[in-house]
Student: 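Pasting a structure here, questions to come.
Since we're looking at a predicted model, the values are computed, not measured.
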Amino acid sequence: MYIKIEGLNFKYKNATEETIIDFNGNIEKGEIISIIGQSGSGKSTVLRLIAGLETPKSGSIKVNNKIMVDDNTFVLPEKREIGMVFQDYALFPHMTIEGNVKFGLKDMSRKEKDERSQEVLELVGLKDYKKRYPYELSGGQQQRVALARALAPNPALLLLDEPFSNLDADLRIHMRLEVKRIIKEAGATAVFVTHDQKDALAISDRIIVMKDGLVQQNGTPREIYQFPENKFVATFVGQSNILEGKIGADGNSVVTELGVIPCSHTHSLAPGEPVYISIRPDSLEMDENGNIEGRIKQSTYTGDAIDAIVEVTINNGYKQDLLVHVHPEETVNMGDLVRFKILPHFVAVIKHD
């Protein structure tokens, strides 16, 4: 493992209530890992512990087989060979772009600094902007300068703390692709912290979901989205309908009050075992011959789809609301009676609490 984190435990010193961050994780060389969670979940604290800006109560961090911290060792942040891109980019306004990039280059000749700064500015597509100042650049360009500055010393690890939060929606989508390209082309290993699941799904090789200081799930973007392991992950990463049921006799379906629902991920649980089932809105497809009927209670046009709340009456007369993504070319109105079917691709079993 390129980065190994074991038993990392942290307690906030001045908190009115005891808050514990408990984290384990391994990262391979060249991976981009995202740590996501709600505000207060502990994700930024983990980043600060890796950077050396906080000291853990216990546990250890190794980067490239070098101990950064354990019970007997604490390497100062400036000695860890870690690059960091902050939320506000933290560029020096009085320095040119080239000066900002060169700032972290130590123990190099002037020629070597010139060559390295030119190399990383070319990587981020800003070699023609080196004599400009940060205020002369757009938000996306400033972000790329911050990335170039962090990459210039060839760090063992790159840390990014909410780097897209100050960008507008269109630029944010573009910069997700750009940042991923730049990190991969640089051959860097990166840990990226965000509360935005779309950022994490777009940029990551692997995602770690946190809640209340604890890891809830660790997996690829597809695994996290398609096969959530608990209700929190299912509802935090994307939208989901959560129902109760029991594993069907065939082992590949779940018996619910909506009927028997096909499922491609049942954890090999035994027939009859009580479970929750996560049904993504993408798995509910409008179909006039579908076996589920409901009435449109609310709809919102989003451009990519129509988010419709469908009220379904189940066997005992109880009404269940389901979120359905309807194709944007369809026309749905409040009160319309609709039928739909469930596709198994984004349906996953969650073990019962």
Student: Do any N or O atoms from the side chain of R172 and from the backbone of F164 form a donor-acceptor pair under 3.5 angstrom?
Tutor: yes

Student: Considering only heavy atoms from C-beta outward, does the side chain of L323 approach that of L284 to under 4.5 Å?
Tutor: no

Student: In Å, rounded to the nearest 0.5 Å, how long is the span from CG of D168 to CE of M175?
Tutor: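 Rounded to the nearest 0.5 Å, the CG-CE separation comes out at 11.5 Å.
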
Student: Give the C-alpha distance, both sets of side-chain angles, the deciding distance and a yes or no for side-chain hydrogen bond (donor to acceptor under 3.5 Å, both in side chains) between T189 and E31.
Tutor: CA-CA 5 Å; T189 304; E31 269 193 313; over 6 Å; no

Student: Less than 4.0 Å between a side-chain N and a carboxylate O, is that true for R116 and E112?
Tutor: no

Student: Decide yes or no for I183 and F192: does some side-chain heavy atom of the first lie under 4.5 Å from some side-chain heavy atom of the second?
Tutor: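 I183 does not reach F192 side chain to side chain.
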
Student: Rounded to the nearest 0.5 Å, what's the gap from CD on Q226 to CG on D282? Could you check?
Tutor: 10.0 Å

Student: Apply side-chain hydrogen bond (donor to acceptor under 3.5 Å, both in side chains) to K319 and T313, showing your working.
Tutor: CA-CA 4 Å; K319 296 185 185 300; T313 302; 3.2 Å; yes

Student: Start with the C-alpha gap between L322 and L258, add the side-chain angles, then the distance that decides, and say whether side-chain contact (heavy atoms from CB on, under 4.5 Å) holds.
Tutor: CA-CA 11 Å; L322 295 177; L258 283 178; 3.8 Å; yes

Student: Side-chain contact test, heavy atoms from C-beta onward, threshold under 4.5 Å: evaluate it for I350 versus V275 and give yes or no.
Tutor: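 Not in contact.
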
Student: Would you find a donor on one side and an acceptor on the other, under 3.5 Å apart, between the side chain of E311 and the backbone of D321?
Tutor: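 The answer is no, because no donor-acceptor pair under 3.5 Å joins these two groups.
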
Student: Heavy-atom count check: over 12 atoms from other residues, nucleotides or ligands less than 6.0 Å from K198 NZ?
Tutor: no

Student: Evaluate the side-chain proximity of V75 to V69: yes if any heavy-atom separation is below 4.5 Å, no if none is.
Tutor: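 With C-beta onward as the side chain, the pair stays apart.
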
Student: Applying the 4.5 Å side-chain criterion to the ILVMFWY set and letting contacts propagate, would L151 and L121 be lumped into a single cluster?
Tutor: yes

Student: Side chains of V324 and D307: closer than 4.5 Å at any heavy-atom pair?
Tutor: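 Sidechains of D307 and V324: no contact.
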
Student: Is I5 reachable from M84 through a run of I, L, V, M, F, W or Y residues, each pair having side-chain heavy atoms under 4.5 Å apart?
Tutor: yes

Student: A150 and P153: which non-hydrogen atoms are nearest, and at how many Å?
Tutor: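 Heavy atoms only, the tightest pair is O-CD, 3.4 Å.
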
Student: Can you label the angle between the Y225 ring and the F346 ring as parallel, tilted or perpendicular, going by 30° and 60°?
Tutor: perpendicular

Student: How far does CD1 of I203 sit from CG of L177, to the nearest 0.5 angstrom?
Tutor: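 If we round to the nearest 0.5 Å, I203:CD1 and L177:CG are 9.0 Å apart.
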
Student: Kindly give the heavy-atom pair with the smallest separation between S278 and P228, and that separation in Å.
Tutor: OG-CG, 4.0 Å

Student: Flag this pair as yes if the NZ/CZ of R80 is under 6.0 angstrom from the six-membered ring centre of F74 and inside a 45 degree cone about the axis; otherwise no.
Tutor: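 Yes - R80 lies over the ring of F74, closer than 6.0 Å to its centre and within 45° of its axis.
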
Student: Does R339 pair with D287 as a salt bridge, N-O distance under 4.0 Å?
Tutor: no

Student: Does a side-chain heavy-atom distance below 4.5 Å link I277 with V347?
Tutor: yes

Student: Is there a donor-acceptor pair closer than 3.5 Å between any side-chain N or O of K246 and the backbone N or O of V255?
Tutor: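 Judged by distance alone, no pair lies under 3.5 Å.
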
Student: Could you check whether any side-chain heavy atom of I292 comes within less than 4.5 Å of a side-chain heavy atom of V310, counting everything from C-beta outward?
Tutor: no

Student: Classify the side-chain pair H195/Q38 by whether it contains a donor and acceptor separated by less than 3.5 Å.
Tutor: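 Looking only at side-chain atoms, Q38 and H195 do not form any donor-acceptor pair under 3.5 Å.
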
Student: Give a yes or no on whether the backbone of P155 and the side-chain of E81 come within a donor-acceptor separation of less than 3.5 Å.
Tutor: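 Answer holds: no.
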
Student: Would you please say whether a donor-acceptor pair under 3.5 Å links the side chains of N230 and Q217?
Tutor: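 N230 vs Q217: no donor-acceptor pair found between side chains.
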
Student: Working to the nearest 0.5 Å, report the span between OG of S34 and CD1 of I224.
Tutor: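 Here the interatomic distance stands at 10.5 Å.
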
Student: Among residues at least two apart in sequence or on other chains, which ones pass ring pair (Phe, Tyr, Trp, His ring centres under 6.0 Å) with Y129?
Tutor: none

Student: Show, in sequence, the C-alpha distance, side-chain angles and deciding distance for Y301 and V332, and conclude whether the side-chain contact (heavy atoms from CB on, under 4.5 Å) test is met.
Tutor: CA-CA 10 Å; Y301 179 77; V332 294; over 6 Å; no

Student: Determine, using the 4.5 Å side-chain heavy-atom cutoff (strictly less than), whether L76 and I82 are members of one ILVMFWY cluster.
Tutor: yes

Student: Do the side chain of S283 and the main chain of I279 share a donor and acceptor less than 3.5 angstrom apart?
Tutor: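 A pair under 3.5 Å: no.
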
Student: Q118 side chain to E115 main-chain N or O, any donor-acceptor pair under 3.5 Å?
Tutor: no

Student: Counting only heavy atoms not in K113, do more than 12 fall under 6.0 Å of its NZ?
Tutor: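 Yes, NZ of K113 has more than 12 neighbouring heavy atoms, counting only those of other groups under 6.0 Å.
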
Student: Of K341, H327, H325, which is the lone residue that meets side chain to side chain contact (heavy atoms under 4.5 Å, CB included) with E285?
Tutor: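 It is K341; the other options fail the test.
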
Student: Just checking, any donor-acceptor pair under 3.5 angstrom between side chains of R206 and N218?
Tutor: yes

Student: Keeping the roles fixed (side chain from R132, backbone from L137), state whether a donor-acceptor pair exists under 3.5 Å.
Tutor: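 Here the side-chain-to-backbone pair does not exist.
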
Student: To check you understand the geometry: which heavy-atom pair defines the closest contact between V326 and A308, and what is its length?
Tutor: CG2-CB, 4.0 Å

Student: Working note: I35 + V191, criterion side-chain contact (heavy atoms from CB on, under 4.5 Å); need CA distance, chi angles, decisive distance, verdict.
Tutor: CA-CA 7 Å; I35 304 176; V191 177; 3.8 Å; yes

Student: Any donor-acceptor pair under 3.5 Å linking the side-chain atoms of S41 with those of K211?
Tutor: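 No, no side-chain donor-acceptor pair sits under 3.5 Å.
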
Student: Could you tell me the separation between the CG atom of D22 and the CG atom of L214, rounded to the nearest 0.5 Å?
Tutor: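 Going from the CG atom of D22 to the CG atom of L214 covers 6.0 Å.
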
Student: With a 3.5 Å distance limit and no angle check, can you tell me whether Q141 reaches the backbone of S138 through a side-chain donor-acceptor pair?
Tutor: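 Yes: the side chain of Q141 pairs with the backbone of S138.
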
Student: To the nearest 0.5 angstrom, please state how far the CD1 atom of I33 sits from the CG atom of L159.
Tutor: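 Rounded to the nearest 0.5 Å, the CD1-CG separation comes out at 12.5 Å.
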
Student: Run D336 and R295 through salt bridge (Lys or Arg N to Asp or Glu O under 4.0 Å) and show every step you take.
Tutor: CA-CA 5 Å; D336 284 355; R295 196 171 293 278; over 6 Å; no

Student: Assess R149 against F92: is NZ or CZ under 6.0 Å from the centre of the six-membered ring, and within 45 degrees of the ring's axis?
Tutor: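 Yes, R149 and F92 form such a contact.
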
Student: Please say yes or no: joined through hydrophobic side-chain contacts below 4.5 Å, possibly via intermediate residues, are L147 and M95 part of one cluster?
Tutor: no

Student: Determine yes or no for a side-chain-to-main-chain donor-acceptor pair under 3.5 angstrom, with S240 supplying the side chain and I242 the backbone.
Tutor: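 Answer holds: no.
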
Student: So, are D205 and K184 salt-bridged, with charged N and O less than 4.0 Å apart?
Tutor: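 Result for this pair is yes, salt bridge flagged.
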
Student: Does Y276 have K351 sitting over its ring (NZ/CZ under 6.0 Å from centre, angle to axis within 45°)?
Tutor: no

Student: Answer yes or no: does atom NZ of K106 have more than 12 heavy-atom neighbours from other residues, nucleotides or ligands under 6.0 Å?
Tutor: yes

Student: Is the closest side-chain heavy-atom distance between I296 and N333 below 4.5 Å?
Tutor: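 No; the side chains remain at least 4.5 Å from each other.
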
Student: Is there a continuous path of hydrophobic side-chain contacts, each under 4.5 Å between heavy atoms, that joins V124 to L160?
Tutor: yes

Student: Sub-3.5 Å donor-acceptor pair from the side chain of N24 to the main-chain atoms of G7, do we have one?
Tutor: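 Yes, the answer is positive, given that a donor and an acceptor are paired below the 3.5 Å cut-off.
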
Student: Is atom CD of E288 surrounded by more than 12 heavy atoms (other residues, nucleotides or ligands) closer than 6.0 Å?
Tutor: no

Student: Counting only heavy atoms not in K62, do more than 12 sit closer than 6.0 Å to its NZ atom?
Tutor: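 No, NZ of K62 has 12 or fewer neighbouring heavy atoms, counting only those of other groups under 6.0 Å.
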
Student: Between A249 and P271, which heavy-atom pair has the shortest distance, and what is it?
Tutor: O-CG, 3.8 Å

Student: Report the C-alpha separation of V46 and M210 in whole Å, then their side-chain angles, then the decisive distance to 0.1 Å, and conclude whether the side-chain contact (heavy atoms from CB on, under 4.5 Å) test is met.
Tutor: CA-CA 10 Å; V46 172; M210 292 190 70; 4.0 Å; yes

